[in-house]
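To start, the structure under review is shown below, and the notes come after it.
The chains referred to below are lettered A, B, ... by the order of the sequence lines, with proteins before strands, and numbering in each begins at 1.
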There are 2 protein chains.
Amino acid sequence: MRNRTERLLVIKSIISSQKISSQEELLKLLEAKNFNYTQATLSRDLKFLKVNKIADPGKGYIYKLPDLPVTETSEIAESHAAKGFVSIQFSNKLGVIKTLPGYASSIAMLIDSANPFEIIGTIAGDDTILVIPNENITEKDVINSLVLIIPELKNKLD
Amino acid sequence: MRNRTERLLVIKSIISSQKISSQEELLKLLEAKNFNYTQATLSRDLKFLKVNKIADPGKGYIYKLPDLPVTETSEIAESHAAKGFVSIQFSNKLGVIKTLPGYASSIAMLIDSANPFEIIGTIAGDDTILVIPNENITEKDVINSLVLIIPELKNKLD
DNA sequence: AGTTGAAATGAATATTTATTCAAAATGAGG
DNA sequence: CCTCATTTTGAATAAATATTCATTTCAACT
C-alpha cells in the first residue's frame, strides 16, 4: 500500500511491457507488487493516464498507453531533439536541460506535446530548458519519461 | 438496414467528426441514418475497426479512431508521399496509383502501415502501385481513406 | 495537536460493453 | 432452385468498467 504517484508509474510500466486485458488482471499484478487497491481506483487511474483498451489479435482486448501526438513526434523531430540534447541536471525538484544553442524551444515543444503526467510543464530559453516535474516525481521518473518521448536519449542518459 | 461495410464506413465517419461517448449514443445516430442494428453488432464493429475509448476533458470518455502508426506517418513521410503522388485510376475494382519515378514503394508502405480496412493490400513497382480494395468498397471509399492517410492529397483528388 | 479543505479511496451499484448461443442471411457449387 | 458452409446478426446474459456516495487520508495552517 504505497502512494498514488508510485502506483501510476507502475501501471504505466506494466501496461507498456505486457498485454493486459482487464482491470482485474492488472489489479492482481499490482497486488503482487504490494499495491493493494480496488478496481474503482484502477478505473480512475486508467482514465487519468488516458490509457485505452483496444482490440488485439489473440488477446481479445488489451490496454494501451496513449500514442504520442503524431504531428511533432516524427522521427525527424526526435532525432533533432536527440542531437540537440546536451545534458540534464536536477536541483530543488526542478530539472534543467542544457541543449545546443537554438535547440531549447523545439525540444521543449516536443516534451510538452507528449504531455507526460510526470512533467507539468517546461520553459525554454535558447539553450536551456527548465523542466517542472509533477509532485512526488523523482529524477528517475523524469528521465524515464524523457526516454519514452525521445528514445535516442537512452544512450546519453545512462 | 443496409449492409455491414456501409455501416462500418458510416461509423468511421461519425466517430471522426463528433464526440461519441457510448455505444447507445452511436446506435441512435445510426438509426437516424436508417441503420438499424443492436448494441451487440456495434460492439463487434468497434472491435473490428480498432476504435477505442479514451478519457476526454468534458465528455468523460469518447471513442477515437486508431492513430496512424507513428513511425512512418511523420509529416515528412506524408509530404514526401503527397509530392510523389501523381494520380489514381480504377479498373475492375482495383486501384492503380501512378507516382513519380521511385516513389511507389515508399507511398505504398505508408498506405500499408496505416492499414485501413478499406484496403486489403498494395503492390508497388517503381512508379506504379496496385491498390487492392476490400470487398464492397467503392472508389470513393478508397479515396477517402487515402486522404485520411495523406491529408495533402485532398487537393489533388477533387 | 486541532481544524479545515482538498484529494484519494473503497463498497456498492449503475452503466456500459463483450460474448454466448441460436437464428437468419449470404454465397458458392451443384 | 436446393444444399452446405460461412458470415452476420439479435436477444439475453455475462463480464467489465465507471460512478456515486460516504469515509478516510493528507497537507497546510493555525
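A:Arg44 contributes a side-chain N or O that forms a donor-acceptor pair with the base of D:dT20 under 3.5 Å. For A:Gln39 and D:dA16, a side-chain-to-base donor-acceptor distance below 3.5 Å is absent, hydrogens and geometry of angles not being considered.
Distance B:Tyr61 OH to C:dT17 P: 11 Å, rounded to the nearest Å. We find that CG of B:Leu42 is positioned 12 Å from C1' of C:dT16, with the value rounded to whole Å. When rounded to the nearest whole Å, the span between NZ of B:Lys59 and C1' of D:dA18 equals 15 Å. Between B:Asn52 atom CG and C:dT17 atom P there is a gap of 12 Å when expressed in whole angstrom units. With rounding to whole Å, A:Leu8 atom CG is found 13 Å from C:dT9 atom C1'. Here the P atom of nucleotide C:dA6 and the CZ atom of A:Arg4 are 17 Å apart, to the nearest Å. Rounded to an integer number of Å, the gap from A:Asn36 CG to C:dA11 P is 11 Å. Atoms CD (A:Gln23) and C1' (C:dA11) sit 16 Å apart, rounded to a whole Å.
Side-chain nitrogen and oxygen atoms of B:Lys47 include at least one within less than 4.0 Å of the OP1 or OP2 phosphate oxygen of C:dT19. Phosphate contact (OP1/OP2 of C:dA11, side-chain N/O of A:Tyr37, threshold under 4.0 Å): absent. At the phosphate of C:dT17, OP1 or OP2 sits under 4.0 Å from a side-chain N or O atom of B:Tyr63. OP1 or OP2 of D:dT9 lies within a sub-4.0 Å distance of a side-chain N or O belonging to B:Arg7. Contact annotation: B:Ser43 does not reach the phosphate of C:dT17 (side-chain N/O to OP1 or OP2, under 4.0 Å). Remark: A:Lys53 is not in phosphate contact with D:dA16, judged by side-chain N or O atoms under 4.0 Å from OP1 or OP2. When the side-chain nitrogen and oxygen atoms of A:Thr41 are compared with OP1 and OP2 of C:dT9, none of them lie within a distance under 4.0 Å.
Scanning both residues, B:Ser21 and B:Tyr63, for their nearest heavy atoms gives C-CE1, 4.1 Å.
When each of B:Thr38 and A:Glu24 is assigned the nucleotide of DNA chain D with its nearest heavy atom, B:Thr38 is the one assigned upstream, toward the 5' end.
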For the pair B:Leu65 and B:Val51, evaluate side-chain contact (heavy atoms from CB on, under 4.5 Å) and give the outcome as yes or no after the intermediate values.
CA-CA 5 Å; B:Leu65 290 175; B:Val51 162; 3.8 Å; yes
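Side chain of A:Asn144 to backbone of A:Asp141: no donor-acceptor contact under 3.5 angstrom is found.
Relative to the six-membered ring of A:Tyr37, A:Arg44 misses at least one condition, a distance below 6.0 Å or an angle of at most 45° to the axis.
Taking CD of B:Gln89 as the reference point, atom CD1 of B:Ile97 lies at 11.5 Å (rounded to 0.5 Å).
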